[in-house]
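Below is one structure, written out as structure tokens; the observations come after it.
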Number of protein chains: 2
Amino acid sequence: MAEDSRILAGKRTTIYDIARLAETSASAVSSVLNGSWQKRRISKRLAAKITEIAEREGYSANAQASLLRRARSNIVGMIVPKYDNRYFGSIAEQFEAISRARGLFPVVTCTQREPALEVEAAKELISFQAECLIATGATDPDHLTALCEAAGVLSINLDLPGNAAVSVISDNYGGARELTALILDRCREIGYEGALHFVGGRPSDHNTAVRLRGFLDVHHARGIAVPEDHVLVPGYSADRAEQAMKSLSPRDAMGIFVNSTISLEGVVRWSQGLNDAARQRLRYGCFDYDPFAALLPSNVGMVQQNISKMLETAFDIMDTRRHPSEPILVPCVLRPC
Amino acid sequence: MAEDSRILAGKRTTIYDIARLAETSASAVSSVLNGSWQKRRISKRLAAKITEIAEREGYSANAQASLLRRARSNIVGMIVPKYDNRYFGSIAEQFEAISRARGLFPVVTCTQREPALEVEAAKELISFQAECLIATGATDPDHLTALCEAAGVLSINLDLPGNAAVSVISDNYGGARELTALILDRCREIGYEGALHFVGGRPSDHNTAVRLRGFLDVHHARGIAVPEDHVLVPGYSADRAEQAMKSLSPRDAMGIFVNSTISLEGVVRWSQGLNDAARQRLRYGCFDYDPFAALLPSNVGMVQQNISKMLETAFDIMDTRRHPSEPILVPCVLRPC
DNA sequence: CTGAAAGCGCTAACAC
DNA sequence: GTGTTAGCGCTTTCAG
């Protein structure tokens, strides 16, 4: 069979092959196969014949050739730091779903929080003619924006704000206030009225700084002083958080504001080393949502970021090319456990 | 400035623009910018000049044009059903990392367990000239393989076996045996010696069927009869699992083999409705790993699938194009909690 | 060491 | 209604 030899030779069927088989021209084949044939008023008969042959031959258009010729690529790119966490996983998943629903081709790539990889990935996406790049939780969003700008690619920051492009981020301050208030309230139930601990994140990190501000403001409003050693910001890692907790002198009761699920892992591991009595008198809440973490016994609540809303906003910006200079804040949802 | 007008016009710098600025030819620019200039013995001076100008102009190669001309694309595609779960998240993440380390360009896309989306995504990847498509947990892997075959694209099944292409899957039988044995042993500690319940999955699903066989075989080997109503396979959803558990008549002690973390969510929700005494006399284990689920009080162990090993094997197949007809089994790791 | 030229597969004027 | 033709931006012989 003709196809077999093509496969062995590594050559794929082209519109010229189909044109020959259908005894017509390449342009007719092209317009039929890409749906623009109504505009060209090609006969239904020819269209059917071409479609049938293409099907039979297992034809697949060469996207590279098509994209090279077309004006728009319809490719939208996204960079996320990690997939293996519910927050970024959902972002990637929803981004793909929305893109497809709009007839766009999503390509998302994860960059492991490595600045060099972020830059490399952004360059690749630009090279692939992406029309827009959404950078999620990037370490240096402004650098990525600069690359995009040089290529005329729209860039949008999600989750973490930048100065050079539109940013759509969670209302970290509001979310942190709500969570702090909830944990304080629930600590009263175990008879603890003192300051909470704040655990996880880096002080230099924007989101951590804003959440910490919310945390402190609520304490202040309630007239509770927060000792300096209640703020533990050793970075984003379960081990670091666990170590930080272990380094604390034992308390008979306490409440913890955990900054991110990754830190929560460390806190929970630490809490499992506690005796029953101490664990009974422990309450924590976490900024970020994870369905299993929500089922943990001492967990009083989690802050869920509104991913759909953030993405919707980002796509709105793509459509309108409206560029507000202030970050757009999207409220979070507090989910008491 | 020239660049500014280009940006406004939406036209990007090409090798011809650079050639003009560097007073040389497009072919020289091309070879310098894609690294093949040593082979062409281009002077260091010219190379430096070209690089410098390209940098200044913010040049970015058009991947479509380059790919159209080249023999190989270096694109490798992957389809996963979901990102928002630790297992598939890790698969996607590690796939990207390994691909990059090998100089390949990974494109992964998630298909929501929708057969139509799987087909569409596969066609897109083929159209983008992917050299290989790894289908993870596909609902109809053989269909995807057929599409790949027609285009001369290597196809590999991961996690779920197919008949038409090489399959790399977890040793579900062995893993299920180990987990069953562990749960039975730990149930003795609470004085329960009866049959476990098996919860989650669909009976028609390959992995569920194999795991169930391991579950039953261990019971049989220990001389424990498994009543039919101990097998609850209402599909993959937390709600279904929760309903299934609620429909059971109350027991004073029980052990559960939970099939997948999504079902575990339902089981844990159900268990939270139990009184303290009943919860004390409950033990479960789960096939699939999640770090928070591992911290749940009644959880005695989780089966972690060996993702690195599976991917390594898949890439080996890509390299050697060796096509064993039997699925390749990769052992799981039992992680007692 | 370097440049000219052909062509990858497809699209979109334009011609008939 | 349909075919011809001129590129899209790049890589790669082949000549010098």
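In the text below, chain A, chain B and the rest are named by the order of the sequence lines, each starting its count at 1. The figures here come from the full heavy-atom set of this structure, side chains too, leaving out hydrogens, waters and symmetry mates.
Distance, B/K39 NZ to C/dT2 C1': 15 Å, rounded to whole Å. Counting to the nearest Å, the C1' atom of D/dC10 and the CD atom of A/Q129 are 12 Å from each other. Taking atom CD1 of A/I50 as the reference point, atom P of D/dG3 lies 8 Å away to the nearest angstrom. Going from atom CD1 of A/I15 over to atom P of D/dT2 covers 16 Å, rounded to whole Å. The distance from atom CZ of B/R20 to atom P of C/dA4 is 14 Å, rounded to the nearest whole Å. One interatomic measurement links the two molecules: CG of A/L46 to C1' of D/dG3, which rounds to 11 Å at whole-angstrom precision. When rounded to the nearest whole Å, the span between CG of A/L33 and P of C/dA12 equals 14 Å.
If you check distances only, the side chain of A/S36 never reaches the base of C/dT11 with a donor-acceptor pair under 3.5 Å. A donor-acceptor contact under 3.5 Å is formed by the side chain of A/Y16 with the base of C/dC10.
A close approach under 4.0 Å does not occur between any side-chain nitrogen or oxygen of B/N34 and OP1 or OP2 of D/dC10. For D/dG3, one of the phosphate oxygens OP1 or OP2 lies less than 4.0 angstrom from a side-chain nitrogen or oxygen of A/S25.
At a threshold of 4.0 Å, the pair B/R100-A/E124 counts as salt-bridged, since one of the basic side-chain nitrogens sits closer than that to a carboxylate oxygen. Between A/R102 and A/D319, at least one side-chain N (NZ, or NE/NH1/NH2) sits under 4.0 Å from a carboxylate O, which counts as a salt bridge.
Remark: side-chain polar atoms of B/E131 are paired, donor with acceptor, to backbone N or O of B/N74 under 3.5 angstrom.
Of the residues in residues 58-72 of chain A, those lying under 4.0 Å from DNA chain D by heavy-atom distance are A/L68, A/R69.
Scanning both residues, B/S90 and B/I307, for their nearest heavy atoms gives CB-CD1, 3.5 Å. Listed here is the closest heavy atom pair of A/P327 and A/P161: CG-CB, 4.3 Å.
Atom OG1 in A/T313 sits 10.0 Å away from atom CD1 in A/I156 (nearest 0.5 Å).
Of the two residues near DNA chain D, B/S30 and A/I42, the one whose nearest nucleotide lies more 5' is A/I42.
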**Request:** Apply the test ring-ring contact (aromatic ring centres under 6.0 Å, His included) to residues B/Y83 and A/F88: give CA-CA distance (whole Å), side-chain angles for both, the deciding distance (0.1 Å), then the verdict.
**Result:** CA-CA 9 Å; B/Y83 290 132; A/F88 292 118; over 10 Å; no
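Among the heavy atoms of the strands lying under 4.0 Å from A/S43 are primed sugar atoms or P, OP1, OP2 only; no base atom is included.
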